[in-house]
There are 4 protein chains.
Amino acid sequence: MNLRERKAAKKREDILRSASLVISRQGYHNATMEDIAAELLMTKGALYYYFKNKEELLYRCHDLILTEAKEKMEGIVRMDVSCEEKMRMALRHHIEVAIREKEVFNLIVKPETTFSQDNIPEIIKKRDEYAGLFDRIIDEGVESGEFEVPEKKMARMIILGATNWIQVWYSPEGKYSPEDVEEIYAGQLLKMLRKIS
Amino acid sequence: MNLRERKAAKKREDILRSASLVISRQGYHNATMEDIAAELLMTKGALYYYFKNKEELLYRCHDLILTEAKEKMEGIVRMDVSCEEKMRMALRHHIEVAIREKEVFNLIVKPETTFSQDNIPEIIKKRDEYAGLFDRIIDEGVESGEFEVPEKKMARMIILGATNWIQVWYSPEGKYSPEDVEEIYAGQLLKMLRKIS
Amino acid sequence: MNLRERKAAKKREDILRSASLVISRQGYHNATMEDIAAELLMTKGALYYYFKNKEELLYRCHDLILTEAKEKMEGIVRMDVSCEEKMRMALRHHIEVAIREKEVFNLIVKPETTFSQDNIPEIIKKRDEYAGLFDRIIDEGVESGEFEVPEKKMARMIILGATNWIQVWYSPEGKYSPEDVEEIYAGQLLKMLRKIS
Amino acid sequence: MNLRERKAAKKREDILRSASLVISRQGYHNATMEDIAAELLMTKGALYYYFKNKEELLYRCHDLILTEAKEKMEGIVRMDVSCEEKMRMALRHHIEVAIREKEVFNLIVKPETTFSQDNIPEIIKKRDEYAGLFDRIIDEGVESGEFEVPEKKMARMIILGATNWIQVWYSPEGKYSPEDVEEIYAGQLLKMLRKIS
DNA sequence: AATGAATGAGAGTTCATTCAT
DNA sequence: CATGAATGAACTCTCATTCAT
């Protein structure tokens, strides 16, 4: 990848970051291409040089975040620690991303309102892969006897729901630091998973 | 309230139900005034006789649902049963509404993307009152020694997050009945709240 | 059809006439919805109340003219006169429309550049039906021994090409009246068709 | 003309050929600078090195074709054969170009929709010179007694209209070869011109 | 001589909102 | 009360054109 290509790739990423930001602030439907461009001091026309349309831009945007989150999560799953510890780290990571990305997270969550039929299957696939990493930790924990749950899928849904929700109520100006939230959530959710002997 | 007024009030409610339906189906931003009117075989112009604008209509819509949900929830809180039982009923009720109303629930949840500054405070107030009913059950439970939580507010947020999330993944065509979901969620979340002796 | 419907129908037709005019003046691709609306002192938004999009509007526009022309032409074909006389009348009629409608005629002629796949078959069908009326006159003339041509389809194409072309060069300010053109064209083209004994 | 200039001249002509092709395929308004450049594996920016803008490019494009056609036509007019033979050859040549160049021919035909005031007079002049060559053949034929027409200009217009029209309906996949068309058209149109003794 | 990148004007389209009837 | 009709602002997207490199 030569200089020019690297520059272009960087620009594309800049645009995605800008889009993330604007969407986080205003929501998808209230974020215009103009807004996204303005954030980078570009004109909206330029966006179309890099992305074929708004949906494509948004799709790449969500893909970037989800891919990053997934990679990190895969690292956690592979670690050689107890399942409880893994889940704690996974929760910390997930909460951290949820707080940071807010609205973009919503795109991941409800693709139907935003994306056309073409992109939805891929989005759901990626999303499920990510969620599947939680399943793996739960599975392992159940096998090793650390966890005990009536329905694995529901347990995972409770965990994701609870943590995704954070972006709704969390405010940096509030009384909790992100770390506080991470600790307390992890504590509670692990209590829910733990086998009671 | 004379006949004319009663008729008008009925019509207003019809419109709100229709709006709920359309929004649940298509999401707020994809629900046009035309769509809402069409559902009732009216023309969109007529909606403006009953509601000053789209936001007002949406506001009333969310208000209706939230008020109903709250009233029922208050009944539960006042019942003379154990806190665990109360919480179980509260969860059942909340989940049932979440499944039924889907998108409208989202309005309640993220007013900033939809409503203007004028309506937000009131919405948040109502929403907090509703959430406060969960707090009361938790409080009682902690006092009576049935529950034990590190942070009451967080416990409530986990509960609401987990349950609100259901509307994202739940499908009537799936393998779970609403009752299944209610039971399993209640079981898991109560496990999280329960004092471990 | 009540008053309101009649009014609406009239408006639709007004719009079509206006569109014809603007297209005749500027060509299809240079005629904006704004232009078409301005001609009628409307705003472009209003056009979308009557027609779903530009293509639909243009399609109806061409359909109107073609249908009218075809109806009149059918009357001519059914008349009880010699084939030569029929052809003379058909030519007069066709030339008159070609001069009057100019550009709209072009739409009929080259639908591929303008219309999407959905509308093209119907357009071609209508156009062929119209052209078929010329074929019928030629057929009759050949059978009756009045005409003699090496290839009927080509004869028809020559006739249509020659007459459609008029709108390219004809100007009301020039030295020929429409009637002059009609006479001379008819004379020449009939000479081309006539059986030489 | 040194090497550099020759290279540039060659490139200019390449561009014109490419533009002809793209316009023939897509029509003028649907042919973007990008399309034209892509055909030559260039970027659109480069086109502006050779031509000042799209109109200039199109103008040169049409000029190229018309000039070539005219030169060949002049050769035909100067030949020492009967007028009927001359006209037959002229028709063959014209039809052949019309079939080959399709859309570009349209540019020649209706400059008003495409070109700005600056270029139109020149275009019309060239076009009239070309058409004038047909006039000369007709004139000669009338003088020599081979042809007989009521109005020379109209006769020419019929001929050009009929033949230009071919590009509208002709398809290489159809049942007629270009040569078929040339023969039948020439036969019919000459019958129209011929003096009937 | 050519490219990649950016601009900006304008097109078609949508929709909340208004209002005479 | 309700409707049909119209408005106008906003939005997405396109493309001829420019320009630094």
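Letters A, B, ... mirror the listed sequences (proteins, then strands); counts begin at 1.
Checking the phosphate oxygens (OP1, OP2) of E:dA1, a side-chain nitrogen or oxygen of D:Tyr49 falls inside 4.0 Å. Under 4.0 angstrom from either OP1 or OP2 of F:dG4 there lies no side-chain N or O belonging to C:Lys11. Within the structure, a side-chain polar atom (N or O) of C:Tyr48 is placed less than 4.0 Å from OP1 or OP2 of E:dT13. Applying the 4.0 Å criterion to OP1 and OP2 of F:dC1, one finds that B:Arg4 has a side-chain N or O inside that range. Side-chain N/O atoms of C:Tyr50 include none lying less than 4.0 angstrom from OP1 or OP2 on F:dG4.
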Using the rule given for side-chain contact (heavy atoms from CB on, under 4.5 Å), can you reason through B:Glu39 versus B:Glu34, listing the C-alpha separation, both sets of side-chain angles and the distance that settles it, and then say yes or no?
CA-CA 9 Å; B:Glu39 191 72 29; B:Glu34 193 105 41; over 6 Å; no
Under the salt bridge (Lys or Arg N to Asp or Glu O under 4.0 Å) rule, what do C:Glu122 and C:Arg127 come out as? Steps first, then yes or no, please.
CA-CA 8 Å; C:Glu122 180 116 6; C:Arg127 174 179 98 181; over 6 Å; no
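With salt bridges taken as basic N to acidic carboxylate O contacts below 4.0 Å, one links B:Glu68 and B:Arg17.
Figure legend: C:Arg60 and C:Phe51 shown without cation-pi pairing, the cationic atom not lying both under 6.0 angstrom from the six-membered ring centre and within 45 degrees of its axis. Taking the ring axis of D:Tyr28 as reference, the NZ or CZ atom of D:Lys54 stays within 45° of it and closer than 6.0 Å to the ring centre.
Each of C:Ala46 and A:Lys52 lies near DNA chain F, and the nucleotide nearest C:Ala46 is the one positioned closer to the 5' end. Nucleotides of DNA chain E nearest to C:Thr32 and B:Glu34 differ in position, and the one nearer the 5' end is that of C:Thr32. Across the interface with DNA chain E, nearest-nucleotide mapping of A:Ala8 and B:Ala31 shows A:Ala8 to be the residue nearer the 5′ end. Residue order along DNA chain F, read from the 5' end via each residue's closest nucleotide, puts B:Met42 first among A:Asn53 and B:Met42.
Atom pair D:Asn30:CG and E:dA11:P shows a separation of 16 Å (rounding to whole Å applied). The distance from atom CG of A:Leu3 to atom C1' of F:dT21 is 11 Å, rounded to the nearest whole Å. Taking atom CG of residue D:Leu47 and atom P of nucleotide F:dC15, one finds them 15 Å apart after rounding to whole Å. A:Ile36 places its CD1 atom 8 Å from the P atom of F:dT12, with the value rounded to the nearest Å. The interatomic distance linking B:Phe51 (CZ) with F:dC1 (C1') rounds to 15 Å, in whole Å. Nucleotide E:dA5 holds its C1' atom 18 Å from the CZ atom of A:Arg6, rounded to whole Å. For the pair D:Phe115 CZ and F:dA16 P, the computed distance is 14 Å after rounding to whole Å. The separation between C:Leu41 atom CG and F:dA5 atom C1' is 16 Å, rounded to whole Å.
Base pairing of F:dT7: its partner is E:dA16, meeting the Watson-Crick or G-U wobble criterion (both donor-acceptor distances under 3.5 Å). Pair check for E:dT21 finds F:dA2; Watson-Crick or G-U wobble, both atom distances under 3.5 Å.
C:Lys7 comes within 4.0 angstrom of nothing in the nucleic acid, heavy atoms only.
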